[in-house]
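Heads up, the thing below is written out as structure tokens.
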Amino acid sequence: MVRMGRLTKRADFTTVYGKGRSWANYWVVLRAFPNAMGTPRYGIVVSKRLGKAVMRNRIKRRMREGIRQLTPKGGWDMVFIARGPAAGANYHRLKGAMCELVTRARLFRLSAPGEGEP
RNA sequence: UCAGUGGGCCGGGUGGCCGCGGGCCCGCGAAAGGCCCGAGGAAAGUCCGAGCUCCACCAGGCGGGAUGCUGGGUAACCCCCAGGAGGGGCGACCCUACGGAAAGUGCCACAGAAACAUACCGCCAGCGUUGGCUUGGCCAGCUAAGAUUUAGUUGGGUCUAGCCUGCCGGUAAGGGUGAAAUGGUGAGGCAAGAGCUCACCAGCGGUGGGGUGACCCACCGGCUGGGCAAACCCCAUCCGGAGCAAGACCAAAUAGAAGGGCUAUAGGUGCCUGGCCUACCCUUGGGUUGGUCGCUGGAGGUGGCGGGCAACCGCCAUCCUAGAUAGAUGGUCACCGCUUUGGGCUGGGUAACUGGCCUAGGGUACAGAACUCGGCUUAUAGGUCCACUGGGGUC
RNA sequence: GGACCCGUGGUGUAGCGGCCUAACAUGCGGCCCUGUCAAGGCCGAGAUCGCCGGUUCGAAUCCGGUCGGGUCCG
């Protein structure tokens, strides 16, 4: 994931948290809010409650890989928050959970249909 | 072969597809392309010690902290090595906050005579003494037989012996306790006892010898009075404080905001003093909360030679080996290792036992650099190597 | 990343090395009071003092280690 496509500042996270809508399932919470730059940006939150540093880094790497496989439409800031059961989920289950949330939020690009199924 | 002790090392591999960070080259370019590099033994806990940066600087004191057998190593250390002492183990070997209780203060609950000052109970009876009782002798009086005398009885004013009580004295052996009781055991000795004497052991002091030293060995001497300093403390040695969110620079931004103190006044990183420095300082409120540097080549790794018992040190050669910043070093699939459980086939051996192949299933740890090193501590599936100890068997 | 603080009944706090078999408040259970509830009164239960070692005759307390919570920084 290129630097431009990431949420890096505390303020960006606060904005998405405060003003954005949210969707959730058993593993992941998605919060999203439109931005002004026309390209999507992503953020990942893994709480310290999910494990030690090795476990948290593994979850973040799997979620980054999941985001890389998605092609949503631009102009939105999205924050994926891992919930407790995500610590025990493998990559495919996490990707499926993230795809489901993006589909429900109708953030997939219209020109690339059929990306919904994991 | 079984059980164990000490030390070292490894801690998955190969391939496909899709990706990430950094450096260099080529580009106008953070684009595309090419080449190279990219987690650990603990990266962890942040428990010690340093480098580095800032606090303007210097000196002294107070306060505080740390260490604590000896000698070395090191930049330094609560680290490491070697040795001593004490303790544990049959042994290889292991463990130890291991200075001082004759500098002072404090504490030692309950129990106990008593917890550190010597009293109490008890034991002894040589000498003196108060009172009482008993036995025997002596003396005096009375009564009976009556010649001195004998017997009985009364009285102690006298002596002796014993007992009780009190004072004085000799003792520290004994005193159900307690975690701990004034050296221990045995023998002699004594009025009773006691290192009072003797033998052995433990402790103390002295002399001589060995060792750099902790300490050890030998001889001699007199005779010995508790524990706790991870209680305050004393002694010796060491330590200024904070920490890379240290700190420096660039850009942007609010506002020239309010209050207070101003020539010995304010400030100067725990406090005080002195020198000295700054001229403005302090408090409140507000703004920025972006980028670059610090940032990775270092008490560095590997090999050889030399010194040293060792830790380690010196010289030479050679190598460059992570630098992220919502935080890279991966995701996924397949196969193979390793290990373990069950089943089947099979080899060696009389047997106990031991090996090979196939198949089904399980497991494959602890854990992620964040300024950098040296240590310590803690976590860790499994595997492997070396040296050694004890028991059993065979030759 | 760094610097610190705290662990004692369900909860919030006390607690001189021996009087600790651990105190107080609140909460909990039962009884009394009341027509009923609250308040009040009486009684009771509830703690391996986070865990593991060490010092001491003796540890909640002193000293190490470890685990779990929490706070602060520019």
Side-chain angles (χ1 to χ4, degrees):
Chain A
M1 189 170 11
V2 193
R3 176 77 54 77
M4 291 295 290
R6 279 183 284 176
L7 288 174
T8 56
K9 296 296 168 286
R10 181 74 220 164
D12 297 335
F13 278 84
T14 316
T15 305
V16 175
Y17 264 57
K19 300 184 180 175
R21 291 191 57 189
S22 76
W23 297 265
N25 57 22
Y26 187 65
W27 293 281
V28 182
V29 177
L30 168 65
R31 283 177 173 269
F33 186 70
N35 65 12
M37 52 182 58
T39 57
R41 294 193 301 173
Y42 312 97
I44 298 173
V45 171
V46 180
S47 154
K48 215 167 188 176
R49 194 180 313 159
L50 271 76
K52 295 191 173 185
V54 175
M55 194 64 223
R56 296 200 306 269
N57 283 342
R58 184 175 299 144
I59 294 168
K60 280 190 280 187
R61 284 195 301 257
R62 283 174 174 163
M63 289 174 77
R64 264 202 305 274
E65 185 69 16
I67 290 168
R68 204 169 60 81
Q69 301 288 327
L70 301 175
T71 53
K73 60 181 173 186
W76 286 76
D77 287 344
M78 287 173 258
V79 176
F80 292 92
I81 305 159
R83 310 181 77 175
N90 60 20
Y91 164 70
H92 298 287
R93 186 157 293 182
L94 271 180
K95 185 186 172 188
M98 291 164 71
C99 275
E100 186 212 334
L101 291 180
V102 174
T103 307
R104 274 164 51 191
R106 299 179 189 281
L107 288 176
F108 272 119
R109 192 178 300 182
L110 294 175
S111 60
E115 195 72 38
E117 59 267 16

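A note on names: the letters A, B, ... follow the listed sequences, proteins ahead of strands, and every chain is numbered from 1.
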Pairing nucleotide - [N], Watson-Crick or G-U, each distance under 3.5 Å:
N: B:G63; answer: none
N: B:G11; answer: none
N: B:U364; answer: B:G337
N: B:G355; answer: B:U346
N: B:G86; answer: B:C95
N: B:G4; answer: B:C388
N: B:G188; answer: B:C196
N: B:A245; answer: none

Query raised in the report: Does A:R62 make a side-chain N or O approach to OP1 or OP2 of B:U332 shorter than 4.0 Å?
Result: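 Yes, because at least one side-chain N or O of A:R62 sits under 4.0 Å from OP1 or OP2 of B:U332.
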Interatomic distance at [atom1], [N] relative to [M], whole Å:
N: B:U292; M: B:G267; atom1: C1'; value: 33 Å
N: B:G137; M: B:G166; atom1: P; value: 33 Å
N: B:A229; M: C:U55; atom1: C1'; value: 11 Å
N: B:U5; M: B:C78; atom1: C1'; value: 28 Å
N: B:C215; M: B:A194; atom1: P; value: 37 Å
N: B:A117; M: B:U182; atom1: C1'; value: 12 Å
N: B:A328; M: B:A252; atom1: C1'; value: 30 Å
N: B:U14; M: B:C316; atom1: P; value: 40 Å

If anything within 90° of 0 is syn and all else is anti, what is [N]?
N: B:U105; value: anti
N: B:U289; value: syn
N: B:G195; value: syn
N: B:U377; value: anti
N: B:A258; value: anti

Gap separating the [atom1] atom of [X] from the [atom2] atom of [Y], nearest 0.5 angstrom:
X: A:Y42; Y: A:I67; atom1: OH; atom2: CD1; result: 7.0 Å
X: A:W23; Y: A:M98; atom1: CH2; atom2: CE; result: 14.0 Å
X: A:L30; Y: A:I81; atom1: CG; atom2: CD1; result: 8.5 Å

Query raised in the report: Do the side chain of A:R62 and the main chain of A:H92 share a donor and acceptor less than 3.5 angstrom apart?
Result: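 The answer is no, because no donor-acceptor pair under 3.5 Å joins these two groups.
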Report task. Answer yes or no: is there a donor N or O on one side and an acceptor on the other, between the side chain of A:R31 and the main chain of A:V79, under 3.5 Å? Result ->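 No, because the side chain of A:R31 does not come within donor-acceptor range (under 3.5 Å) of the backbone of A:V79.
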Requested in this report: Take A:E100 and A:R104 through the test salt bridge (charged side-chain N to carboxylate O under 4.0 Å, His left out) and record every step on the way to the result.
Outcome: CA-CA 6 Å; A:E100 186 212 334; A:R104 274 164 51 191; 3.1 Å; yes
Query raised in the report: How close or far is atom P of B:G327 from atom CD1 of A:I59, stated in whole angstroms?
Result: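 Rounded to whole Å, this separation is 15 Å.
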Report task. May I have the distance from A:Q69 (atom CD) to B:C17 (atom P), rounded to whole angstrom? Result ->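 Whole-Å distance recorded here is 15 Å.
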Query raised in the report: Mapping A:K60 and A:Y91 onto RNA chain B by nearest heavy atom, which one lands closer to the 5' end?
Result: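 This one resolves to A:K60.
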Requested in this report: Measure the shortest side-chain to side-chain distance between A:W27 and A:R83 over non-hydrogen atoms and say whether it is less than 4.5 angstrom.
Outcome: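 No, every pair of side-chain atoms sits at 4.5 Å or beyond.
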Query raised in the report: Do A:N25 and A:L101 have side chains that get closer than 4.5 Å, going by heavy atoms?
Result: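 A side-chain contact exists here, since the closest heavy-atom pair is under 4.5 Å.
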**Report entry** Dot-bracket pairing map - RNA chain C, Watson-Crick plus G-U, both contacts under 3.5 Å, | cross-strand
**Finding:** ((((((((.[[[[.)..(....]]]].(((((.......))))).....[[[[[..)....]]]]]))))))).
Give me, pair by pair, the N or O atoms of the protein and of nucleotides 365-371 of chain B that are less than 3.5 Å apart, along with how far apart they are.
residue : atom : partner : partner atom : Å
B:G368  : OP2  : A:V54   : N            : 3.4

Query - Among B:U332, B:A328, B:G330, the one nearest A:H92 by side-chain distance - result: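 That would be B:U332.
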